[in-house]
Amino acid sequence: MSAAPKSRLPAALQPTEEDISLLLAAQVHIGTKNVEKKMMPYVWKRRADGINLINVGKTWEKLVFAARIIAAIENPADVCVISARPYGHRAVLKFQSNVGAQAIAGRFTPGAFTNQITRSYKEPRLIIVTDPRVDHQAIREASYVNIPVIALCDTDSPLSYVDVAIPTNNKSKHAIGLIWWLLAREVLRIRGTVARTPDAWPVMVDMFFYRDPEEVERDLEGVAAAKAALLAGEAAEAAEPAQPDWEISAGNAGIAAAASTLPSAEAGIDWAADQNTTSWADDAAAAPVEGAAAAPAAGW
């Protein structure tokens with residue numbers, strides 16, 4: 001009798017070893033000590049310290065299933081991604097820029113799906129939330145207007161009005177960023193925009209991670225300090241006197257040293273005083289000519 005298949009997904013949608021290692025490195029499988037009854041099928045085991053571990057294989061299956069639902073919507077703008085949790089703000093904004101969906105990062109305005117008078121009124125065909133407990137207002141309004149809901153659910157997350165639950169750790173910034181990155185990449189692969197090769201999508205997963213404002217400020221200060229040091233070094237190099245291109249060889253060094261010890265012939269000359277000048281024309285007229293002096297004696 002043949003062994004049961006490891007996954008119900010086709011071979012093209014199977015995760016690679018790199019994908020599984022990323023999920024484990026981001027601690028996607030780390031759940032909480034509490035478990036909701038509807039989340040029990042996604043729990044693999046319970047550790048000795050009481051932490052429930054999520055089945056990573058089911059996480060990947062539900063992630064691919066959610067990506068197929070998103071890719072089936074013709075207009076990407078009809079998908080609305082929501083994250084009231086700060087760790088998911090950057091992730092949903094990056095998902096918006098790469099996939100083309102609408103993003104609501106921060107507080108969800110009540111009535112955005114039900115009150116047509118509000119300026120933030122939207123009519124999406126699908127919404128994706130980061131945490132069903134924090135984004136409960138969006139899920140409740142979506143249930144009023146029959147909008148399907150995809151949610152990143154931890155072991156203690158309520159599944160009321162949630163149509164597709166992606167079991168994952170939704171309290172870690174790395175786990176949230178990685179799941180949104182994998183979801184965006186899978187959507188682009190299913191659409192045919194990105195090939196199924198490791199380096200086909202150049203966007204790094206770090207772009208989806210939450211960054212602390214203080215950390216960003218420290219990075220900016222470091223860049224500013226590096227630029228200031230570079231400018232100071234260039235100014236110091238410009239202020240140094242230019243060195244001659246020629247060099248005194250060993251043979252000419254002694255001559256140059258001896259010439260520097262000789263007294264200057266022009267040291268006692270005052271160029272401002274009047275100097276005795278000699279007219280060469282006067283000297284030529286005053287000088288006796290031997291032939292002219294001897295002429296009278298010859299009896300001319």
Side-chain angles (χ1 to χ4, degrees), residues 26 28 36 38-39 59 62-188 203 205 207-211:
V28 171
E36 284 285 332
K38 294 182 179 180
M39 288 296 296
T59 299
K62 298 304 287 288
L63 189 143
V64 173
F65 180 48
R68 294 171 65 184
I69 295 173
I70 298 170
I73 297 177
E74 297 179 359
N75 185 10
D78 288 339
V79 179
C80 184
V81 292
I82 302 168
S83 176
R85 187 183 291 274
Y87 284 174
H89 288 181
R90 193 179 187 199
V92 297
L93 293 174
K94 293 297 181 179
F95 187 90
Q96 174 192 22
S97 62
N98 288 279
V99 178
Q102 302 181 63
I104 300 178
R107 180 179 179 271
F108 178 80
T109 304
F113 296 155
T114 56
N115 190 355
Q116 300 181 5
I117 301 176
T118 58
R119 299 176 61 183
S120 60
Y121 177 72
K122 295 179 177 60
E123 291 182 295
R125 296 183 58 188
L126 174 70
I127 69 169
I128 311 170
V129 299
T130 303
D131 189 348
R133 195 178 299 278
V134 180
D135 301 318
H136 63 91
Q137 180 67 29
I139 295 176
R140 184 172 295 274
E141 291 191 12
S143 67
Y144 294 158
V145 291
N146 297 327
I147 299 175
V149 177
I150 298 175
L152 310 185
C153 299
D154 210 333
T155 56
D156 61 345
S157 298
L159 297 184
S160 300
Y161 307 114
V162 174
D163 298 286
V164 177
I166 302 176
T168 178
N169 178 7
N170 60 11
K171 297 174 178 60
S172 170
K173 62 180 180 181
H174 296 110
I176 293 174
L178 177 63
I179 290 296
W180 280 107
W181 180 78
L182 290 173
L183 188 61
R185 188 188 68 175
E186 196 63 30
V187 169
L188 295 178
V203 179
V205 66
M207 301 298 294
F208 284 68
F209 289 163
Y210 168 81
R211 294 192 65 188

**OP:** Given ring-ring contact (aromatic ring centres under 6.0 Å, His included), test Y144 with Y161 step by step and report yes or no.
**Re:** CA-CA 10 Å; Y144 294 158; Y161 307 114; 7.8 Å; no

Original post:
Closest approach of A26 and L178, non-hydrogen atoms and distance?
Top reply: CB-CD2, 3.5 Å

Subject >> Residue among L126, I128, I127 satisfying side chain to side chain contact (heavy atoms under 4.5 Å, CB included) with P124 >> reply: I127

**OP:** Measure the spacing between CG of D131 and OG of S83 and express it to the nearest 0.5 Å.
**Re:** 8.5 Å

Original post:
How many angstroms lie between atom CD of Q116 and atom CD of E123, to the nearest 0.5 angstrom?
Top reply: 6.5 Å

Original post:
Does the side-chain contact (heavy atoms from CB on, under 4.5 Å) test come out yes or no for I176 and T130, once each step is laid out?
Top reply: CA-CA 8 Å; I176 293 174; T130 303; 3.9 Å; yes

Original post:
Just by modelled atom types, is the A112 backbone N or O under 3.5 Å from a matching donor or acceptor in the K122 side chain?
Top reply: no

**OP:** Step by step, work out the side-chain contact (heavy atoms from CB on, under 4.5 Å) result for I139 and V162.
**Re:** CA-CA 7 Å; I139 295 176; V162 174; 4.2 Å; yes

Original post:
Step by step, would you call V203 with N98 a side-chain contact (heavy atoms from CB on, under 4.5 Å)?
Top reply: CA-CA 9 Å; V203 179; N98 288 279; 3.6 Å; yes

Subject >> Donor-acceptor contact present, side-chain R133 to main-chain D156, <3.5 Å >> reply: yes

Original post:
Can you find a pair of side-chain heavy atoms, one from D154 and one from K171, that are under 4.5 Å apart?
Top reply: yes

Original post:
Which atoms form the tightest heavy-atom contact between P148 and N146, and what is the distance?
Top reply: CD-O, 3.8 Å

Subject >> Atom pair OG/CG of S157 and L152 - distance to nearest 0.5 Å >> reply: 9.0 Å

**OP:** In sequence, state the C-alpha distance, the side-chain angles, and the governing distance for D135 and R140, and then conclude on salt bridge (charged side-chain N to carboxylate O under 4.0 Å, His left out).
**Re:** CA-CA 9 Å; D135 301 318; R140 184 172 295 274; over 6 Å; no

Subject >> Any donor-acceptor N/O pair, E141 side chain to G111 backbone, under 3.5 Å >> reply: yes

Subject >> Expected output: side-chain R90 to main-chain F209 donor-acceptor under 3.5 Å >> reply: yes

Subject >> Donor-acceptor under 3.5 Å (E186 side chain, A67 main chain) >> reply: no

Original post:
Are Y87 and F208 an aromatic pair by the rule of ring centers under 6.0 Å?
Top reply: no

**OP:** Indicate the atoms forming the closest heavy-atom contact of F113 with C80, along with that distance.
**Re:** CZ-SG, 4.3 Å

Original post:
From L159 CG over to E36 CD, what is the distance, rounded to the nearest 0.5 angstrom?
Top reply: 7.0 Å

Original post:
Is W180 reaching over with its side chain to a backbone N or O of K94, donor-acceptor style, under 3.5 angstrom?
Top reply: no

Subject >> Non-hydrogen side-chain atoms of Q102 and V79 separated by less than 4.5 Å >> reply: no

Original post:
Are any non-hydrogen side-chain atoms of Y121 and I117 less than 4.5 angstrom apart?
Top reply: no

Original post:
What are the two closest heavy atoms between Q96 and A103, and how far apart are they?
Top reply: OE1-CB, 3.4 Å

Subject >> Min side-chain heavy-atom separation T59-I179 under 4.5 Å >> reply: yes

**OP:** Start with the C-alpha gap between I104 and V81, add the side-chain angles, then the distance that decides, and say whether side-chain contact (heavy atoms from CB on, under 4.5 Å) holds.
**Re:** CA-CA 6 Å; I104 300 178; V81 292; over 6 Å; no

**OP:** Enter the distance from F108:CZ to H136:NE2 here, rounded to the nearest 0.5 Å.
**Re:** 10.5 Å

Original post:
OG1/T168 to CG/L63 distance, rounded to the nearest 0.5 angstrom?
Top reply: 9.0 Å

**OP:** Find out whether V134 and N170 are in side-chain contact, i.e. whether some heavy atom of one side chain is under 4.5 Å from a heavy atom of the other.
**Re:** no

